[in-house]
Each structure stands twice: as C-alpha cells, then as structure tokens.
Amino acid sequence: MVRTTEFQEKVYHALRKVPAGKVITYGDLASVVGVASAQAIGGALKRNPYSPQVPCHRVVSSDGSIGGFMGCTEGEQIDRKTGLLRNEGIKVVDGKVKDFSRRRFIF
DNA sequence: ACCGTGACGGCGA
DNA sequence: TTCGCCGCCACGG
C-alpha cells in the first residue's frame with residue numbers, strides 16, 4: 001500500500017493526461033497542479049508508486065534535458081528513459097529532447 | 001555553455 | 001507536531 005499525498009496525486013493525475021508522443025516540463029506540470037516548485041514535482045515523480053501508469057518519463061527539464069528518472073539524474077535509468085521517449089516518437093539526442101515543439105500540452 | 005542563486009514541497013529527525 | 005536539509009528544477013549572469 002502506497003501512501004500518496006494529495007500533492008502527489010495531483011501530479012500523477014496531471015501527468016496521466018499527457019498522451020504518448022508528448023512531453024511536459026517540470027515547471028509546466030507544476031503550474032498545472034498549482035504549485036510554484038518544479039523541484040517538488042521531481043520529488044513526487046521520484047517517489048512515483050505507479051510505473052507505466054504515470055508516464056514520469058515524459059517529464060523533462062525546461063531546457064530540454066531529460067532530467068532524471070527513478071531517482072537517478074544519470075546512468076542507465078536515464079538511457080532507459082531516453083529509449084522510452086524515442087519509442088513514443090520523441091527525438092532525443094545526447095540526452096536532450098530535440099522535438100521540443102510539442103512539449104507544451106494544452107490542458 | 002556553465003555556475004550560482006532562488007523558491008517550494010517532501011521527508012526525516 | 002515542528003525545524004531543518006535535500007531535491008528528477010528554473011532562470012539570470
């Protein structure tokens with residue numbers, strides 16, 4: 001049983017609305033959930049109890065960086081995250097999201 | 001492109 | 001329950 005706070009649930013719920021092939025920044029996601037801290041989003045994703053249900057891999061940094069994945073800012077986890085993004089049609093080169101045009105998901 | 005600072009929430013002690 | 005520290009960040013210099 002995973003204890004999730006309302007904050008985390010909001011984050012997960014908002015993230016759930018992001019379809020495959022699109023990515024969102026931590027800041028934008030924070031804006032959606034109504035908080036001013038993008039880092040808090042990262043913290044929530046880090047403790048993400050739901051793996052594929054909540055596409056935490058579709059969340060990238062504002063500068064296009066992949067960001068982190070499963071608590072790691074680098075390593076094979078990141079490589080895996082990159083693979084998932086590419087699998088969804090997102091172009092990722094050198095740890096950066098190239099197709100940044102659709103990073104903004106209109107809610 | 002890189003580093004430092006700012007700001008907010010979560011979590012542990 | 002309260003205080004302090006850390007973090008998958010954002011932005012300016």
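Quick note on labels: first sequence line is chain A, next is B, and so on, each numbered from 1. What you see is a predicted model; the values in this text were computed from it and never measured.
Taking 4.0 angstrom as the limit, A/T5 places none of its side-chain polar atoms (N or O) nearer than this to OP1 or OP2 of B/dG9. For B/dG9, the OP1/OP2 oxygens have no side-chain nitrogen or oxygen of A/S37 closer than 4.0 Å. Neither OP1 nor OP2 of C/dC9 sits under 4.0 Å from any side-chain N or O of A/S65.
Between the CD atom of A/Q39 and the P atom of B/dG4 there is a distance of 16 Å, rounded to whole Å. Look at CD1 on A/I24: it is 15 Å from C1' on C/dA10, rounded to the nearest Å. Rounded to whole Å, atom C1' of C/dC9 lies 15 Å from atom CG of A/L15. Straight-line distance from the CD atom of A/E74 to the P atom of C/dG7: 13 Å, rounded to whole Å. For the pair A/K96 NZ and C/dC9 P, the computed distance is 11 Å after rounding to whole Å. Summarising the geometry, the separation between NZ on A/K10 and P on B/dC8 is reported as 15 Å, rounded to the nearest angstrom. Distance A/Y12 OH to B/dG9 C1': 13 Å, rounded to the nearest Å. Across the protein-nucleic acid pair, A/D63 atom CG and C/dC9 atom P stand 9 Å apart, rounded to whole Å.
Listed candidates were C/dG7, B/dG9, C/dA10. Nearest to the side chain of A/K46 is C/dG7. In this structure, the nucleotide among C/dG7, C/dC9, B/dG9 sitting nearest to the side chain of A/V35 is B/dG9. Closest to the side chain of A/F7, out of B/dC8, C/dC9, B/dG9, is B/dG9.
Within the 4.0 angstrom heavy-atom criterion, only backbone atoms of the sugar-phosphate kind lie near A/G27; the bases stay farther away. Contacts of A/Q8 with the nucleic acid, taken as non-hydrogen atoms under 4.0 Å apart, involve only primed sugar atoms and P, OP1 or OP2.
Going from atom CZ of A/R80 over to atom CG of A/L85 covers 13.5 Å, rounded to the nearest 0.5 Å. Here A/I78 contributes atom CD1 and A/M70 contributes atom CE; the two are 10.5 Å apart, rounded to the nearest 0.5 Å.
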Practice item. I would like to know whether A/K22 and A/E88 meet salt bridge (charged side-chain N to carboxylate O under 4.0 Å, His left out); could you show each step before the answer? Key: CA-CA 8 Å; A/K22 284 194 177 184; A/E88 295 183 354; over 6 Å; no

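Without hydrogens or angle criteria, A/R58 side chain to A/L15 main chain gives no donor-acceptor distance under 3.5 Å. Between the side chain of A/D63 and the backbone N or O of A/S65 there is at least one donor-acceptor pair closer than 3.5 Å.
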